[in-house]
Amino acid sequence: MSSQPQLSFAPMYVRHVPLIGTMERRNYEFPWSDGIFRDCVKAGYIARLVMLDDEIIGYGVMQIGADEAHILNLCIDRPWQRQGFARVLLDQLVQEASNRRAHIVFLEVRPSNPRAVNLYQQFGFNEIGLRKGYYDSANGREDALVMAKNLVSETDDFVRH
Ligand SMILES: CC(C)(COP(=O)(O)OP(=O)(O)OC[C@H]1O[C@@H](n2cnc3c(N)ncnc32)[C@H](O)[C@@H]1OP(=O)(O)O)[C@@H](O)C(=O)NCCC(=O)NCCS
């Protein structure tokens with residue numbers, strides 16, 4: 001009898017970077033270099049692998065400083081897309097941010113990436129601004145939408161302080 005594959009999360013270590021770098025180049029037109037992933041891991045950023053049984057199917061990288069979290073990268077590999085895994089990964093990162101007492105989670109996204117914009121909007125992220133010419137693009141530079149999700153209500157904030 002075959003059982004359902006199990007989804008889980010694992011820490012990303014430097015030894016995972018070559019595989020993650022290959023996945024990154026498969027999924028982004030302007031990928032991070034392996035060196036950026038290594039730097040994030042070495043700097044102690046939250047770097048998570050999405051595992052389906054023993055297979056790595058995606059990853060997320062997030063930085064937390066003071067009471068703010070910043071999602072820097074989030075990817076589900078092509079064969080595994082459109083099955084709800086990005087939503088589960090986003091939920092995991094937001095939970096970890098909340099557990100570490102972050103009050104707000106920020107991220108940047110290309111307006112030309114409707115899959116990601118939809119995902120974040122659906123998850124409760126709101127557009128809070130634009131960063132002009134933030135990304136490389138085929139036509140020069142592309143702006144970034146800055147999105148944010150509050151993790152505490154004003155009442156929670158009041159109780160905490
Ligand atoms: C964007 C990305 C992470 C979505 O991953 P995914 O596992 O396919 O997403 P999910 O199946 O969890 O979908 C969740 C929501 O995302 C949005 N979405 C995902 N794929 C979409 C598509 N092809 N078209 C439109 N919306 C899409 C939808 O809102 C979807 O909810 P719905 O299924 O109820 O409509 C994935 O396409 C990816 O890794 N792309 C390459 C890297 C990237 O662009 N990362 C984001 C950088 S900011």
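Each ligand, and each atom within it, is numbered from 1 in the order the structure gives. If you're wondering where the values come from, they're calculated on a predicted model, not measured in any experiment.
Remark: ligand 1 and Ala116 share no N or O pair separated by less than 3.5 Å (distance only, no angle test). At under 3.5 Å, not a single nitrogen or oxygen of Glu108, backbone or side chain, sits near a nitrogen or oxygen of ligand 1. Distances between N or O atoms of Gln83 and those of ligand 1 include at least one value under 3.5 Å. Note: an N/O pair closer than 3.5 Å links Ala86 and ligand 1 by distance alone.
Contacts with ligand 1 closer than 4.0 Å are made by no heavy atom of Arg110, backbone or side chain. Contacts of Tyr59 with ligand 1, taken as heavy-atom pairs under 4.0 Å, are absent altogether.
Atom 39 (O) of ligand 1 has Ile76 N, 2.9 Å as its closest protein atom, hydrogens excluded (heavy atom only).
Ligand-side atoms of ligand 1 in range of Val109: 48 (S), range being under 4.0 angstrom from any heavy atom. Against a heavy-atom cut-off of under 4.0 Å, Gly84 is close to the following atoms of ligand 1: 10 (P), 11 (O), 12 (O). Atoms of ligand 1 lying under 4.0 Å from any heavy atom of Cys75, numbered from 1 in the order shown and given with element: 39 (O).
Of the candidates Leu74, Asp91, Ile71, Leu74 brings a heavy atom nearest to atom 45 (N) of ligand 1. The option from Trp80, Tyr28, Phe85 that lies nearest to atom 47 (C) of ligand 1, judged by heavy atoms, is Tyr28. Residue Arg82 holds the heavy atom nearest to atom 28 (C) of ligand 1 of all those in Arg87, Arg82, Arg26.
Judged by distance alone, the side chain of Glu142 and the main-chain N or O of Ser137 form no donor-acceptor pair under 3.5 Å. In this structure, the side chain of Asn73 does not engage the main chain of Val61 through any donor-acceptor pair within 3.5 Å.
The heavy-atom pair separating Pro11 from Arg48 by the smallest distance is CA-NH1, 3.8 Å.
Distance check, rounded to the nearest 0.5 Å: CD1 of Ile64 to NE2 of His70 gives 12.0 Å. One distance of note links OH of Tyr135 with OH of Tyr28; it measures 8.5 Å at 0.5 Å rounding.
Heavy-atom neighbours of Asp54 CG from other residues, nucleotides or ligands within 6.0 Å: at or below the threshold of 12.
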* Please step through side-chain hydrogen bond (donor to acceptor under 3.5 Å, both in side chains) for the pair Asn27 and Gln81, ending with a clear verdict. => CA-CA 11 Å; Asn27 285 282; Gln81 290 175 2; 3.2 Å; yes

* **Steps toward ring-ring contact (aromatic ring centres under 6.0 Å, His included) verdict (Phe37, Tyr59)** => CA-CA 11 Å; Phe37 283 105; Tyr59 51 89; 5.5 Å; yes

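Within the 4.0 Å heavy-atom cutoff, Phe123 does not count among the residues contacting ligand 1.
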